[in-house]
Structure formats: structure tokens, C-alpha cells
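Below is one structure; the comments refer to it alone.
This one's a predicted model, so the numbers in the text were calculated from it and none came from an experiment.
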Amino acid sequence: MNKPLLTIGISLALSVPLAAQAGAKEDFNEVYAKAQSTHQDAGNFQWTTTTDRMKAAKTSAESGDYDKAASMARQALKLAQESVAQRKQQQEAWRNAAIGN
Amino acid sequence: MLKAKVILVALGAALAMPQALAGATPEEDRKETVEYFKQMFPDVPLEEFVNGQYALNEDRRKQWESMQDFPPYEFAVAEGKEMFETPFANGKTYASCFENGGIGIRQNYPYFDTEKKEVITLELAINRCREANGEEPLRWKKGAIASISAYMASTSEGKPINIEVPDDPDALAAYQDGKEFYYSRRGQLNFSCASCHVQNPGKWIRADFLSPALGQPSNFPVHRSKWGELGTLHRRFAGCNNNVRAEPLPAQSEEYRNLEYFLTYMSNGLPVVGPATRP
């Protein structure tokens with residue numbers, strides 16, 4: 001048997017899950033960073049549900065489950081985007097509800 | 001003729017602009033708010049609003065009245081008095097930091113400090129007093145600070161709330177900021193403070209009976225059976241934010257102090273009744 005070929009074969013077989021793993025980790029890191037900065041953009045309009053998803057994402061990532069972590073981070077990002085939209089919308093809309101305006 | 005018209009138009013523009021920017025004055029807001037709640041609850045005497053949900057619900061009121069013989073905050077008030085009178089390590093007491101030795105002044109808080117350019121709440125003044133005298137600040141939401149604040153409120157019992165917005169653009173900005181916070185929808189549930197306490201007082205929300213904005217800060221600090229102890233107004237703000245899934249802000253943050261400034265101003269003229277009890 002050709003030893004170098006075998007080595008390549010084995011490392012290829014190993015590298016598929018490793019690459020997938022690396023991909024999920026990168027995916028997580030990217031989405032998480034985006035969720036984090038969007039959550040910051042919400043200023044004092046942050047939602048507790050976003051914070052919860054961010055924490056869950058972090059916990060999953062720490063235990064090595066990057067698929068779950070990325071999925072949680074995506075949920076956090078979606079909620080954070082909604083909270084930013086709420087903040088923008090309320091900048092003017094609050095006046096319509098106010099007594100004395 | 002033409003000239004007069006030009007002047008009028010110019011005057012109109014000059015008048016309209018600042019008004020559109022500044023909105024109503026605090027006093028106009030307050031009068032309209034009082035009128036709004038009077039129309040909503042024509043049978044409730046104005047001073048009764050300080051009793052929150054008990055002003056609007058007979059059953060709750062009866063339960064509450066039966067508690068008045070042995071109010072659960074009595075011990076905390078006595079403890080607060082003792083702490084208030086105990087000298088700091090440097091020999092001075094809290095009395096040295098406040099007008100009239102801190103007795104009968106609760107109705108003037110929060111106020112706008114025109115030099116520091118910020119809203120000073122009673123709890124903030126208590127902790128600043130400690131720090132000025134070389135003591136560690138107390139934690140904000142419960143415990144010693146609530147007891148001291150409760151004792152100080154008890155010495156103002158019945159005095160009319162007397163919040164001033166001085167003629168100072170920064171003071172007005174702080175008031176406006178509090179007002180904006182109060183009317184802005186927040187959290188995943190998309191509620192503003194006003195959604196519950198202006199639009200829906202007198203209605204049930206699950207097991208809770210909603211109180212009106214008017215009179216709300218008057219009974220603080222408050223002993224809630226849910227907490228089993230006294231808590232400050234900012235503890236309640238945090239709870240109300242959290243209930244609509246909005247991230248609460250830190251107690252004594254600028255946002256919450258401005259919110260307290262606006263909300264307490266609305267209750268001007270109503271009596272101080274803190275500490276009190278709530279479910």
C-alpha cells in the first residue's frame with residue numbers, strides 16, 4: 001500500500017469534519033459579532049430576549065456546539081435588528097402618544 | 001399694509017419654530033395630564049391618585065386597609081431613622097448634607113442641579129452624602145438605602161410634591177428626556193410606560209390591576225409583598241421594563257433619573273405618602 005496516499009486519504013477523511021467544524025465556528029463568530037454590535041446599536045432600547053439568545057449562543061460555543069451557537073446568534077441578530085428598528089421608529093412616534101404634544 | 005403682513009408672517013414663523021421644537025411646557029403637560037385622569041376617573045378625588053390601584057379598586061382597597069394597623073415597613077423605617085441619626089466615622093451625620101437637616105424635604109426630590117447639570121434623586125443625594133463623608137456608597141435598589149429613604153419620606157408625610165423645572169435649557173432637556181422615555185415603546189412586547197399607566201389604568205393585566213401615572217412616585221419607597229421588603233422607585237422601573245422584555249437600565253442611571261424627574265413633576269401638588277405597601 002502506498003503510505004503517502006494513505007496518509008492523504010486519512011487526513012482528507014479527517015479534514016472534512018474538521019473543515020465543517022471550522023466553517024461553523026467562523027460562521028458563529030461572524031454572526032455573533034454582528035449580533036453584538038447590532039445589540040449595542042439598540043442603545044437603551046435593548047431587548048432582554050436578545051441578551052438571552054446571546055448568552056445561549058456563547059454557552060453553546062463554549063461547549064463546542066457551533067451549529068447551535070450559530071443558530072442562537074442568528075436569532076439574537078434578528079431580535080437585535082427589530083429592537084434597532086423600534087428605537088428608530090420611536091424617535092418620532094412617541095410624540096403621537098404623549099399628553100401635551 | 002403689505003409691510004404689516006410681512007411682519008406678521010415673520011413673527012408667526014419666529015413664534016412657531018421654537019414652539020414646535022420645544023413642545024409643551026412642563027406645566028402645560030401636567031395640567032393636561034391631571035385633566036386627562038380626572039375625565040377618565042371622574043369619581044376619584046385628586047389626592048386619592050397617590051394610592052395607585054387602591055384608588056380604583058374596592059376589593060384591593062379593603063385588603064390594603066386591613067394591613068394598615070401593622071404596616072410591614074415599620075421596622076425598616078425605625079432602622080432607617082437610626083441609620084440616619086448615627087454619625088459617620090468622621091462624626092458628621094446625614095443631616096449635614098441636607099436642607100433642614102433632611103427632615104420634611106422629600107417632596108422637593110428629585111430636583112435639577114443647575115451647576116452639576118443633572119437630576120438629583122433622594123437616593124443619589126444619600127449616597128453622595130456618604131461619599132462626601134468618606135463612607136462607601138450603599139447599593140441602590142433595596143436594603144439600607146430604601147430604609148433611610150423611607151424614614152426621610154415619613155418625615156414629609158402629607159406635604160405636597162413640589163418639583164421644579166428651572167428656567168434652564170439643560171433642566172428642560174432632562175425633563176423632555178424623561179417624558180420621551182415614558183412615552184416610547186420598548187421591549188419585544190412593544191409597550192411604553194404610557195401604554196399601561198396612561199392608556200389602561202383601572203384594567204387588569206393578568207393578576208395585576210393597573211395604576212394611573214398620576215400619583216405613582218408619591219408612595220415610594222414601597223414595601224411589596226412580592227419582594228417581601230422595601231424597594232426604591234428605580235427597582236420598580238427596572239421591573240416594569242423587564243416585564244415588557246426591555247433590558248432594564250441601571251438604577252440611578254441618567255435615563256432613570258430623568259424619568260423620575262418627569263414622572264414626579266406630573267404629581268406636583270399631590271401629597272407624599274411614602275413609604276406604603278403594594279402587592
Side-chain angles (χ1 to χ4, degrees), chain A residues 28-62 67-101, chain B residues 19-37 39-40 175-199 212-214 237-238 241-250 253-256 258-259 262 265-266:
Chain A
F28 159 73
N29 279 336
E30 193 181 315
V31 186
Y32 189 84
K34 207 168 167 202
Q36 212 166 21
S37 74
T38 311
H39 195 35
Q40 288 307 315
D41 290 344
N44 60 27
F45 281 76
Q46 289 183 338
W47 293 3
T48 53
T49 36
T50 313
T51 314
D52 292 347
R53 298 296 192 289
M54 301 284 292
K55 278 189 196 141
K58 194 126 216 179
T59 312
S60 295
E62 275 158 14
D67 283 335
K68 181 146 184 237
S71 143
M72 283 294 143
R74 268 190 293 277
Q75 286 183 31
L77 175 59
K78 187 167 168 287
L79 293 170
Q81 284 163 342
E82 286 178 51
S83 68
V84 169
Q86 180 185 54
R87 179 188 185 179
K88 289 197 178 126
Q89 202 248 349
Q90 287 303 304
Q91 250 161 24
E92 289 305 320
W94 73 269
R95 289 184 191 279
N96 304 331
I99 295 180
N101 247 311
Chain B
Q19 212 175 15
L21 285 175
T25 66
E27 195 50 15
E28 281 164 355
D29 286 352
R30 190 190 66 78
K31 284 186 181 146
E32 269 189 63
T33 303
V34 168
E35 205 45 48
Y36 173 89
F37 285 110
Q39 282 180 21
M40 191 177 242
Y175 168 89
Q176 285 291 344
D177 187 57
K179 179 175 171 182
E180 180 169 344
F181 196 102
Y182 198 82
Y183 286 104
S184 293
R185 290 175 178 272
R186 278 193 158 67
Q188 192 179 30
L189 300 188
N190 201 32
F191 276 77
S192 70
C193 310
S195 310
C196 286
H197 298 299
V198 173
Q199 272 120 45
L214 197 62
F237 287 171
N241 273 155
N242 205 48
N243 281 345
V244 297
R245 301 185 191 154
E247 200 60 72
L249 299 166
S253 56
E254 191 181 10
E255 284 98 335
Y256 275 4
N258 291 347
L259 176 62
F262 161 75
Y265 187 92
M266 290 301 105

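- Heavy atoms closer than 4.5 Å to chain A are found in both the backbone and the side chain of B/A246.
- Remark: A/E82 CD is packed, more than 12 non-hydrogen atoms of other residues, nucleotides or ligands lying under 6.0 Å away.
- Contact annotation for B/V244: neither backbone nor side-chain heavy atoms come within less than 4.5 Å of a heavy atom of chain A.
- For the residue pair A/Q90 and B/R185, the shortest heavy atom distance occurs at OE1-N, 3.0 Å.
- Of the candidates B/F181, B/Y183, B/Y182, B/Y183 is the only one forming a side-chain contact (heavy atoms from CB on, under 4.5 Å) with A/W94.
- In this structure, the portions of B/S184 lying under 4.5 Å from any heavy atom of chain A include both its backbone and its side chain.
- Your options are B/Q188, B/E32, B/E35, B/K31, and the one with the most heavy-atom pairs under 4.5 Å with chain A is B/Q188.
- Neither the backbone nor the side chain of B/N241 comes within contact range of chain A, judged by heavy atoms closer than 4.5 Å.
- Looking at B/E180, both its backbone and its side chain come within 4.5 Å of chain A, counting heavy atoms on both sides.
- At a threshold of 4.5 Å between non-hydrogen side-chain atoms, the residues A/I99 and B/D29 do not count as touching.
- Considering all non-hydrogen atoms of both residues, B/A24 and A/G100 come closest at CB-O, 3.3 Å.
- For a residue to count as touching a neighbouring chain, one of its non-hydrogen atoms must lie under 4.5 Å from one of that chain's; by this rule B/Q199 touches chain A with the side chain only.
- Within 6.0 Å of atom CZ in B/R30, more than 12 heavy atoms from other residues, nucleotides or ligands are found, so the atom counts as buried in its surroundings.
- By the side chain to side chain contact (heavy atoms under 4.5 Å, CB included) test, A/A73 is found to be paired with A/F28, A/V31, A/Y32, A/A57, residues two or more places apart in sequence or in another chain being considered.
- Contacts from residues 42-54 of chain A to chain B, taken as heavy-atom pairs separated by less than 4.5 Å, involve A/N44, A/F45, A/Q46, A/W47, A/T48, A/T49, A/T51 in sequence order.
- Contacts between A/A93 and chain B at a heavy-atom distance below 4.5 Å are absent for every atom of the residue.
- Of all the listed residues (A/A98, A/S83, A/A97), the one sharing the greatest number of non-hydrogen pairs under 4.5 Å with chain B is A/A98.
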